[in-house]
Amino acid sequence: MGLMIRSSAIHAAGCYTTTPIRKGARVVEYTGPRIQKAEADRLYEDSPITYLFGIGSRSTVIDGHGAAMFLNHSCDPNCETDESRGRVWIQAIRDIAPGEELTYDYCLYDGDEDEASCNCGAPACRKTMYSPEEIARRTRAGKRRKKR
Ligand SMILES: [Zn+2]
């Protein structure tokens with residue numbers, strides 16, 4: 001399987017395939033050191049961009065290194081993440097042609113930013129990289145604040 005990192009219309013750099021990928025195939029592992037979430041928060045307190053991936057109960061995060069960290073978010077992605085025995089794989093959810101950019105739905109659930117805006121261009125774009133559950137949670141929290 002051939003992967004290539006080059007500039008992307010979605011965000012800065014993206015990860016592209018140079019070979020066809022079959023639906024269901026594991027494309028690349030999300031590799032990197034495992035660190036505790038509290039440590040990650042300390043390390044990246046002032047960083048606008050992080051490549052952290054919560055695993056298990058999410059008290060541990062992968063501090064991403066390697067090709068997988070270049071995959072951009074899309075609301076209409078061609079890949080998903082599959083966690084298996086503490087390892088995380090990027091897996092194709094449809095057949096992908098050579099030259100296509102690989103994407104998955106980040107479903108962000110934790111962040112200090114008010115919005116992590118999305119520019120993926122999909123017709124069904126949520127306009128944010130937060131998960132639908134997190135959007136609902138934040139909306140409820142906002143309503144509670146407004147009532148006070
Ligand atoms: Zn989007």
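Read the numbers this way: they start at 1 and go in the same order the structure lists the ligands and their atoms.
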Do K23 and D95 meet the salt-bridge criterion of a basic N to acidic O distance under 4.0 Å?
no
Can you confirm if the aromatic rings of F53 and Y51 lie within a centre distance of less than 6.0 Å?
no
Please determine whether a side-chain nitrogen of the Lys or Arg among E39 and R34 lies less than 4.0 Å from a carboxylate oxygen of the Asp or Glu.
no
Angle, SG of C118 through the Zn ion (ligand 1) to SG of C125 - 10° precision
110°
For the Zn ion (ligand 1), decide whether H73 has an N, O or S atom at a distance under 2.8 Å.
no
C75 and M129, any side-chain heavy atoms less than 4.5 Å apart
no
Using the Zn ion (ligand 1) as the vertex, how large is the angle between SG of C120 and SG of C75, rounded to 10 degrees?
110°
